[in-house]
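Accompanying notes for the structure given below.
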Amino acid sequence: MKLKAYAKINLTLDVTGRREDGYHTLDTVMQSVSVWDEIEIKKINKPGIRLFCNREYLPVDTKNTAFRAAQYFFQQCGITGQGLSISIRKYVPSRAGMGGGSADAAAVLHGLNRMFRANLPLATLVELGAKVGADVPFCVVGGTCRCQGIGEQVEQVSNFPDCWLVLCKPPAGMSTPRAYALIDQFPISRAQATEKMVGLLSGGDLKRIGEGVANRFDETMKLPQVRDIERTMISAGAFGASMTGSGSAVFGIFDTEESARNCMQQLEGKGRLYLARPLERSWEFIPDR
């Protein structure tokens, strides 16, 4: 069984507080986009989970989100002694804020649900995803969603209008823990961007939606490479440009393929470039050839 695991961007990201356990609470609008990893899942004779990845620096044990997703699925379904092989071919960049690892975990949950005919409802898959990581519940649902709490509260909202997206991942990056440590140096501001974005999505005006993108990490981290990319995107005609997640990938919103490709030419040399479209789901099965 093969699946595509689609990345995400944050149209908005408000940090609303910090819990006693150290986790931060968020209010964010996430969107699935057409940049993906490929996942292959197979039953094998030898008991246990074996994970393989084309990026040698990534963990292939319980530190990997896809590995943990399979463990939680087996626990939920009472499956023991099963052998499983998970192979991940990654294309979504790491330390980008694009949720590649979370998307992999969500795809594994959906894939195993079909493979073992478990018929777990979406709500149960979301609960399992929340055990794995903050962005996994969104990736289980996909499309356009408002996510709150530490990511476990997922609400589908009006679809992001069809458009063209340019994504640029600069060399500069920052780990998520470091990004949150940095944001803790600033007072919690009144969260406004996400609530406003939900209304803008309902209106469906792409230009106004673009003008409404915002990210608290972008505002506090002020990475020079990120700011340079955002300026280039806006000057190339983007309706809006912002860093996604805790960075450091930047997305720009365009109404035509021509303007998006023109922007990509201007961004040459500034980072890894992707041309993408918004999607209504975060995973799909790849048909056998």
Side-chain angles (χ1 to χ4, degrees), residues 4 6-13 28-37 91-93 95-100 103 142-146 157-173 193-194 196-219 221-282 284:
K4 288 182 179 179
Y6 290 110
K8 61 85 178 171
I9 57 174
N10 296 80
L11 299 179
T12 59
L13 202 168
T28 176
V29 175
M30 296 195 203
Q31 174 63 51
S32 303
V33 298
S34 59
V35 181
W36 66 87
D37 292 339
Y91 300 102
V92 178
R95 290 195 174 185
M98 293 174 62
T144 314
C145 296
R146 181 179 189 172
V157 296
S158 300
N159 285 342
F160 189 45
D162 192 28
C163 63
W164 294 86
L165 300 165
V166 174
L167 294 107
C168 182
K169 169 61 175 74
T194 296
K196 180 181 178 183
M197 179 58 71
V198 172
L200 292 173
L201 288 165
S202 180
D205 186 320
L206 185 65
K207 188 173 189 299
R208 293 190 65 198
I209 290 169
E211 293 168 349
V213 299
N215 184 329
R216 182 63 174 152
F217 286 102
D218 199 354
E219 296 166 5
M221 290 164 61
K222 299 179 180 178
L223 296 173
Q225 291 181 8
V226 167
R227 292 300 167 93
D228 179 41
I229 293 167
E230 289 172 346
R231 285 193 295 267
T232 301
M233 288 178 169
I234 295 298
S235 67
F239 287 163
S242 174
M243 192 174 76
T244 178
S246 57
S248 60
V250 182
F251 67 90
I253 300 171
F254 297 86
D255 61 342
T256 68
E257 180 180 5
E258 181 182 7
S259 59
R261 290 192 180 278
N262 174 61
C263 177
M264 293 179 75
Q265 291 179 350
Q266 297 183 42
L267 287 170
E268 283 292 339
K270 296 183 186 293
R272 292 176 61 185
L273 295 169
Y274 304 83
L275 181 65
R277 307 293 293 273
L279 300 174
E280 295 184 12
R281 65 190 310 175
S282 59
E284 69 175 328

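Counting begins at 1 with the first residue of the sequence. Bear in mind that the values here come from a model prediction, so they are computed numbers and not experimental data.
- Judged by distance alone, with hydrogens and angles left aside, the side-chain atoms of Asp162 form no donor-acceptor pair with the main-chain N or O of Pro278 at under 3.5 Å.
- Counting only distance, with no hydrogens or angles, the side chain of Gln225 and the backbone of Pro170 share no donor-acceptor pair below 3.5 Å.
- Surrounding CZ of Arg208 are at most 12 heavy atoms belonging to other residues, nucleotides or ligands under 6.0 Å away.
- Between Val33 and Tyr274 the shortest side-chain heavy-atom distance does not fall below 4.5 Å.
- The side-chain contact (heavy atoms from CB on, under 4.5 Å) with Thr194 is formed by just one residue from the set Val157, Leu11, Val29; it is Val29.
- Between the side chain of Arg95 and the backbone N or O of Ala172 there is no donor-acceptor pair closer than 3.5 Å.
- The backbone N or O of Thr12 sits less than 3.5 Å from a side-chain atom of Thr28, completing a donor-acceptor pair.
- Across every non-hydrogen atom of Leu223 and Ser248, the tightest pair is CD1-CB, 4.2 Å.
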May I have the list of side-chain donor-acceptor pairs in residues 257-266 shorter than 3.5 Å, sequence neighbours left out?
unit_1	atom_1	unit_2	atom_2	d
Glu257	OE2	Arg261	NE	2.8
Glu257	OE2	Arg261	NH2	3.1
Ser259	OG	Thr256	O	2.9
Ser259	OG	Thr256	OG1	2.8

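- Evaluation of the side-chain contact (heavy atoms from CB on, under 4.5 Å) rule for Pro161 yields Leu201, Leu206, Ile209 as partners, not counting sequence neighbours.
- Taking each heavy atom of Cys163 and Ile253 in turn, the nearest pair found is SG-CG2, 4.1 Å.
- Nearest heavy atom pair, residue Glu219 against residue Ala214, reads OE2-CB, 4.4 Å.
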**Request:** Start with the C-alpha distance between Glu284 and Tyr6, add both sets of side-chain angles, then the distance that settles side chain to side chain contact (heavy atoms under 4.5 Å, CB included), and finish with yes or no.
**Result:** CA-CA 8 Å; Glu284 69 175 328; Tyr6 290 110; 2.4 Å; yes

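- The closest side-chain heavy-atom distance from Leu165 to Phe160 is below 4.5 Å.
- Using modelled atom types, no side-chain atom of Lys4 and backbone atom of Val35 make a donor-acceptor pair closer than 3.5 Å.
- To the nearest 0.5 Å, the span separating CE on Met233 from CZ on Phe254 amounts to 6.0 Å.
- In this structure, Ser32 has no side chain to side chain donor-acceptor pair (under 3.5 Å) partners at least two apart in sequence or on a different chain.
- Annotation for Ser202 and Ser158: closest pair CA-OG, 3.5 Å, computed over non-hydrogen atoms.
- Within the structure, the side chain to side chain donor-acceptor pair (under 3.5 Å) test picks out the following pairs touching residues 229-244 (sequence neighbours left out): Asn10-Thr244.
- Residues satisfying the side-chain contact (heavy atoms from CB on, under 4.5 Å) criterion with Lys196, sequence neighbours excluded, are Leu200.
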**Asked** Given the rule in the side chain to side chain contact (heavy atoms under 4.5 Å, CB included) test, do Ser34 and Arg277 qualify, once you have shown the distances and angles that lead to the verdict?
**Response** CA-CA 5 Å; Ser34 59; Arg277 307 293 293 273; 4.0 Å; yes

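- Note that CG of Leu279 and CD of Gln31 are 7.5 Å apart. Values are rounded to the nearest 0.5 Å.
- Applying the side-chain contact (heavy atoms from CB on, under 4.5 Å) rule to Ala96 yields the partners Pro93, Met98, Lys169, Ala249; only residues at least two apart in sequence or on another chain are considered.
- Counting heavy atoms from C-beta outward, Asp218 and Arg227 have side chains that approach closer than 4.5 Å.
- Glu211 contributes atom CD, which lies 8.0 Å from atom CG of Asp205 (distance to the nearest 0.5 angstrom).
- Side chain of Arg272 to main chain of Cys168: no donor-acceptor pair is present (N/O by atom type, distance under 3.5 Å, no hydrogens or angles).
- The shortest side-chain heavy-atom distance between Met243 and Ile229 does not fall under the 4.5 Å cut-off.
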